[in-house]
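Please read the structure below before turning to the comments.
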Amino acid sequence: MREPSMSTNGGASTGTGVSAEAGDSAYRRLTAHYGRFAVPVLRGLAQVDFLPSALTGAVFSVALFAGGWVYGLYGLAGTAVGTATARVLGVDRNRVTAGLEGFNACLVAVGCAVFLGAGHLSTALLALAGSALVTVVGGAVARILATWELPACTLPFCLLASAMTIGAPGFARVWHHGPGPAATARPMAGPTALTVTDLWHAFFANFAQIFFMPQWYVGLIFLAGILVASRRLAAMACLGSAVALLTAWALGAPAEQVAEGTMGHNAVLVAMALGGVFLVADAWSLTYALAGAAAATALGPTLTAVFAPSGGHAFTWPFVLVALVFLAAAPAFPRLRRAGARAVGGAGAVGAAGAAAR
């Protein structure tokens, strides 16, 4: 057998006239292309918590994988599909680059995995389709709310997720949990006394439940990701979590639900949104944000009861409703100032505005 011939420049010939240098150049172009796509995807994960930081997105990915490797895959895949769909549809490059077209898709995909069962092919296909469709829903919602200069936040996700969970039991190949969950709302039951363990578990679980994860240590990783990008927003998130705990305890919420974080994740988002993302951070917006956090906590059980016939999944509806009402009301209060350089159609800050939150 003949030895492979060697080129005069010392590189091995491929036999097709393509040099090693050309192959290396193609490899560099390929990795650069996917690298440019990976950054908006990671930012899309971070924008769930209003942060245009790829590093924060990487930390959030670690948190999802810590909650379960399959949830990490769903989260990354959903964000990638949403980002790619926006690119194909010609959405403004700045929005795509900032991750504003990925965060709703991320929540749709992870929500499908959590509530429909991650191990089913139908769930994976529905998650991918939903991650693409939510881009269209987001465009419609953004155009409507732009009339009042309001952000879409996670409203596109809420609309699509609610439609999926309400309709899923009607399709045998989609619903894998036996009879549909139709039920009437019942009073919350269980002991309301909170132990020290309940308190610190709940404090961190409030961050994890934004992505539907119940583990306190997953919430701790999410909090670390917020801190990486913005100390100010991390502080607001912690205050929101604390207000949620206090409000839930004062109203007598069951200790088990408080400890799982289901009573507090909306308050975390509201505190961040009103305390530095969409309103200028000062003493007035701080008070306003904490009042909104308490309102979101109180509203949670109401919406859970409303959605009881479809399993009681309120998702981030309390955050969306409270944030939009409080932001719509803000111009009526001269002491509150809208933050500049925000993306009206999205969840978070863009570019320099994100740095201003530090």
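In this chain, residues are counted from 1 in sequence order. The model shown is predicted, which means the values in this text are computed figures rather than measured ones.
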Which pairs, with at least one residue in residues 122-146 and sequence neighbours excluded, count as a side chain to side chain donor-acceptor pair (under 3.5 Å)?
Ser122-His176
Summary of side chain to side chain donor-acceptor pair (under 3.5 Å) pairs that have at least one residue in residues 65-82, sequence neighbours excluded
none
Only one of Phe207, Phe212, Phe211 passes ring-ring contact (aromatic ring centres under 6.0 Å, His included) with Phe222; say which it is.
Phe211
Would you check if [X] and [Y] make a side-chain contact, meaning some heavy-atom pair closer than 4.5 Å?
X      : Y      : result
Leu233 : Leu51  : yes
Leu246 : Val243 : no
Met164 : Phe115 : no
Gln257 : Pro301 : no
Cys153 : Phe278 : yes
Met213 : Val114 : yes
Asp198 : Val258 : no
His201 : Trp216 : yes

Taking every non-hydrogen atom, the tightest pair across [X] and [Y]:
X      : Y      : result
Arg338 : Glu149 : NH2-O, 2.9 Å
Val59  : Ala224 : CG1-C, 4.5 Å
Ala330 : Leu279 : CB-CD2, 4.0 Å
Asn206 : Gly261 : OD1-CA, 3.3 Å

Would a hydrophobic clustering, with Ile, Leu, Val, Met, Phe, Trp and Tyr connected at side-chain separations under 4.5 Å, put [X] with [Y]?
X      : Y      : answer
Leu42  : Leu227 : no
Leu121 : Val110 : no
Val320 : Leu303 : yes
Met236 : Val280 : no
Phe204 : Val62  : no

Linking Ile, Leu, Val, Met, Phe, Trp and Tyr through side-chain heavy atoms less than 4.5 Å apart, which residues share a cluster with Leu128?
Val81
Nearest-0.5 Å distance that lies between atom [atom1] in [X] and atom [atom2] in [Y]:
X      : Y      : atom1 : atom2 : answer
Ser61  : Leu45  : OG    : CG    : 4.5 Å
Leu159 : Leu133 : CG    : CG    : 10.5 Å
Leu194 : Trp200 : CG    : CH2   : 14.5 Å
Thr97  : Arg43  : OG1   : CZ    : 7.0 Å
His265 : Phe315 : NE2   : CZ    : 9.5 Å

Is a side-chain N or O of [X] found less than 3.5 angstrom from the main chain of [Y], in a donor-acceptor match?
X      : Y      : value
Thr56  : Pro52  : no
Ser230 : Ile226 : no
Ser241 : Val268 : no
Ser285 : Asp282 : yes
Gln209 : Gly264 : no

What do the steps show when you test Asn104 against Leu160 for side-chain contact (heavy atoms from CB on, under 4.5 Å), and what is the final call?
CA-CA 10 Å; Asn104 277 297; Leu160 198 58; over 6 Å; no
If you apply the rule side-chain contact (heavy atoms from CB on, under 4.5 Å), what do you find for Val48 with Leu107, and how did you get there?
CA-CA 8 Å; Val48 174; Leu107 291 176; 4.1 Å; yes
Using the side-chain contact (heavy atoms from CB on, under 4.5 Å) rule, take Thr297 and Asn266 through it: C-alpha gap first, then chi angles, then the decisive distance, then the call.
CA-CA 7 Å; Thr297 304; Asn266 286 290; over 6 Å; no
Should the pair Phe307 and Trp317 be assigned to parallel (<30°), tilted (30 to 60°) or perpendicular (>60°) ring geometry?
parallel
